[in-house]
Amino acid sequence: MEKVYQPKKYEEKIYRLWEKSGFFNPDKLAKRKKTYTISIPPPNVTGSLHMGHALNSAIQDILIRFYRMNGYRTLWLPGIDHAGIATQNVVEKELKKEGLTRHQLGREKFVERVWQWVKQYGNLIIEQFKKLGCSCDWSRQRFTLDKEYAKAVEFAFIHYYKKGLIYRGPRIVNWCPRCETAISDIEVKYQETKGKLWYIKYKFKIQNSIVVATTRPETMLGDTAVAVNPNDERYKNLIGQKVVLPLVNREIPIIAHPLVDKEFGTGAVKVTPAHDPIDWQIGKEKKLAVINVIGPDGKMTQEAGKYAGLSVLKAREMIIQDLKNLNLLEKEEEYTYNIALCDRCHTPIEPQISTQWFLKMKELAKPAIEVVRKNKIKIIPQRYKKVYLNWLSRVEDWCISRQLWWGHQLPVWFCQNQKEKFIVSLKKPLKCPFCGRCKMQQSEEVLDTWFSSALWPFATLGWPKKTKDFKKFYPTDFLSTAQEILYLWVARMVFSSLEFTGKIPFKSVYIHPTVLAISGKRMSKSLGTGVDPLEIGEKFGFDAVRMGLIYQISRDQQAFKFDERTILASRNFINKLWNIARFIKISTKKDSKFKIQNFQLKSLTLFDKWILSRINTIIDSTTKKIKNYQFGEAIRELYDFIWHEFADWYLEISKIQMENIKTKDSTLFILYYSLFNILKLLHPFIPFVTEVIWQQFFAQKFLMMENWPKINKKFINKKVEEDFKKIKSLIVEIRNWRKEKNILPQEIIEYQINKPEKIFSENKEIIEKLAKVKLNCS
RNA sequence: GGGCUCGUAGCUCAGUUGGUUAGAGCGUUACGUUGACAUCGUAAAGGUCGCCCGUUCGAGUCGGGCCGAGCCCACCA
């Protein structure tokens with residue numbers, strides 16, 4: 001064994017050995033009865049390992065390794081998400097470098113390109129998981145667009161449709177007039193912009209007027225109401241009356257709606273259901289007409305009358321001028337607001353009405369609420385339970401269609417002659433049931449990525465087929481994830497699972513803390529605040545990355561600032577562990593007659609009894625802490641114990657005890673006993689180095705497959721621990737005395753222990769020697 | 001705007017039912033290459049536990065208020 005542990009020399013080698021052993025695969029553990037299953041939250045295929053992944057996979061691997069050592073048949077099922085929008089964007093950017101757009105390529109060719117990209121780069125993150133030591137069963141790896149998985153997705157869609165839970169209808173979407181596509185909320189970026197707020201008079205038929213404030217006067221052409229807050233005293237008596245829309249001369253009603261803010265502008269707001277999400281919602285509730293005045297190309301439509309064909313900005317200019325001329329513009333103010341931009345091309349978003357597919361949520365949400373309310377699924381930390389329940393209890397219907405090319409195409413077939421007629425079917429119908437002659441065409445749309453990942457925990461096990469895996473490993477035991485996808489993903493898995501399997505998808509959900517930059521800001525590439533776990537791993541080893549991250553989490557915290565110094569501290573600790581093992585190995589070599597198997601516990605010293613008691617206490621608390629998901633607490637306790645009790649004290653004591661023939665063998669035995677238990681306790685946290693050390697002692701065996709230590713209660717002895725504390729303070733006393741008298745360590749001048757306790761007199765020799773060891777300053 | 005979290009040593013953080021002298025790592029200072037380890041050891045300096053009020057024999061810990069930092073969600077005419 002070298003003086004310094006070199007992770008680079010061992011980590012890859014050990015991982016290959018593990019993989020070769022086959023023990024990541026539960027089929028190799030078939031004799032075991034109890035199972036423990038985790039489905040990995042599938043990273044995006046475009047993804048690269050970031051701190052969140054590193055932390056999350058460390059957590060999952062700790063549990064998998066812990067339960068594997070506890071005799072469970074463990075399955076950690078890995079996989080990757082096709083991540084619709086994200087992936088499509090990446091490939092589009094690639095194309096752009098070649099001067100191509102996806103439209104030039106055509107759908108089929110484009111999708112082919114994406115697959116190529118996936119094959120080339122899609123496995124990068126998997127390799128990175130391996131670097132971290134994740135003991136996933138790679139033979140069961142899944143991708144959300146695999147053929148089998150795609151079937152499950154279509155099956156789910158058809159099931160919902162047949163049950164009447166899926167419907168088609170108009171909805172307002174974020175529309176990018178440059179890309180000419182609807183984009184998702186995630187793709188919309190908000191940017192603070194200085195603009196103007198215009199106050200426009202809408203006149204009543206006879207006299208007076210009501211003034212509305214807007215940043216987008218051009219949309220007024222599509223106004224179908226003016227809304228005020230129902231509790232606004234100023235306008236109460238106007239509700240129900242009509243005003244004349246300027247320039248257009250259409251009569252529109254004044255309505256009341258709680259979404260209107262009394263404080264904003266004049267407290268009266270124009271309602272344009274066709275071009276604003278909130279207005280759309282108000283319009284839906286109040287059954288207002290929807291008038292489209294801006295087309296998909298960003299130009300004014302025929303409905304805009306004399307402004308038709310103008311760009312939005314040009315129309316705005318003219319309208320302001322016209323209003324001024326009519327003396328209908330009361331005033332204009334400087335105003336700063338968040339403008340919605342397309343993430344890709346920075347064009348302002350034009351909300352547009354389009355036809356989309358929806359999943360009715362009300363009925364599905366009910367059981368998903370129940371299982372969490374009744375703690376059938378436990379959410380940790382508990383406070384997220386409220387967040388989950390809150391969201392589900394007022395969830396709206398889920399828009400599941402996306403106008404993208406990369407994803408699961410809807411299993412919906414349209415008649416070519418009667419464009420609005422369609423059937424829902426797994427296979428392409430041979431004959432069109434509507435016109436009887438056309439070749440039916442599949443819907444061009446794809447499903448929201450989350451629709452497929454909602455099926456993840458069971459679809460990865462072969463559902464809807466009743467596979468052996470599904471029967472054996474479902475429901476899964478544990479899901480660990482980041483807080484921001486509690487609704488996007490977790491809630492959706494819960495109701496999907498209840499609907500399709502009748503079971504909960506997992507027993508516990510653990511929301512891990514967010515890893516922030518040391519500045520306290522979110523880690524993000526675009527902010528330049530990201531820290532790359534791979535770089536740090538190359539520098540300090542991946543055990544250290546795992547341990548350093550875990551070291552920083554505690555109880556119910558929601559975030560922590562990533563501190564590289566904990567990785568350094570972990571690296572140092574790992575080296576300390578290495579040298580503890582090295583010391584024990586060297587000590588054994590000196591005594592070639594020693595055989596651990598032959599040894600029996602007898603004639604133990606106080607110090608032996610003390611460390612035995614401590615180790616068994618630690619076994620107990622580490623076990624409990626891992627079971628309770630207190631990973632940070634567990635590793636911090638192990639760190640303190642191993643360094644500051646076992647190494648600082650027992651190892652020093654053992655050197656003295658091994659000089660004495662009477663205590664030599666028992667001391668060596670205790671050293672072994674301690675080391676082996678320590679290695680086992682640490683293995684889930686730092687699997688590589690513990691395995692490397694283990695193999696220094698047992699070349700043919702895997703620590704990964706060893707039994708988790710069992711607490712031996714008869715070793716726990718509080719009296720001994722108390723006695724040891726007393727001895728410790730006596731040693732400090734002696735040390736200080738020697739220091740005062742300026743006695744060098746090698747000088748044999750004895751301290752007169754003038755205390756009557758037996759433990760002092762009985763251990764006089766060791767105490768005095770220890771005091772010398774601890775006195776190493778001049 | 002809604003929800004949530006945090007404020008303890010120069011920095012990053014522990015401190016589980018309120019109870020002696022508030023801990024660790026890094027950093028700083030001094031000393032030390034003692035056969036496991038300098039990725040180490042021994043020690044030292046460094047804290048009115050954000051501020052105010054309350055409950056209590058007793059508060060870093062419980063309650064209320066204030067100030068400050070940040071996370072998540074929603075996104076505003």
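Letters A, B, ... mirror the listed sequences (proteins, then strands); counts begin at 1.
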Over all strands shown, is A:Glu564 touching base, sugar-phosphate only, or nothing at heavy-atom distances under 4.0 angstrom? nothing
Nearest listed nucleotide, side chain of A:Lys576, among B:G3, B:A36, B:C71: B:A36
Pair of N/O donor and acceptor under 3.5 Å linking B:A36 base with A:Lys585 side chain: no
Could you check whether A:Thr588 and A:Tyr672, counting side-chain N and O atoms only, form a donor-acceptor pair closer than 3.5 Å? yes
For A:Trp643 and B:G41, is the shortest distance between a side-chain N/O and OP1 or OP2 below 4.0 Å? yes
Could you tell me whether the phosphate oxygens of B:G70, OP1 or OP2, come under 4.0 Å of any side-chain nitrogen or oxygen in A:Lys521? yes
Does any donor atom in the side chain of A:Thr219 or A:Lys270 lie under 3.5 Å from an acceptor atom in the other side chain? yes
Polar contact flag, side-chain donor to acceptor under 3.5 angstrom, A:Asp648-A:His644: yes
Any donor-acceptor pair under 3.5 Å between the side chain of A:Lys3 and the base of B:C37? no
The side chain of A:Asn572 is closest to which nucleotide in this list: B:U39, B:C71, B:C13? B:U39
Applying a 4.0 Å non-hydrogen cut-off, can you work out what A:Gly265 is touching in the nucleic acid: base, sugar-phosphate, or nothing? nothing
Under the 3.5 Å rule, do the base of B:C72 and the side chain of A:Glu484 count as making a donor-acceptor pair? no
Ion pair present between A:Lys769 and A:Glu765, side-chain N to carboxylate O less than 4.0 angstrom? yes
Just checking A:Tyr384: base, sugar-phosphate only, or nothing, at a heavy-atom cut-off of under 4.0 Å? nothing
Base, sugar-phosphate or nothing for A:Tyr639? Non-hydrogen atoms, less than 4.0 Å. sugar-phosphate
Can you see if the side chain of A:Arg522 gets near the phosphate of B:C72 - specifically, an N or O under 4.0 Å from OP1 or OP2? yes
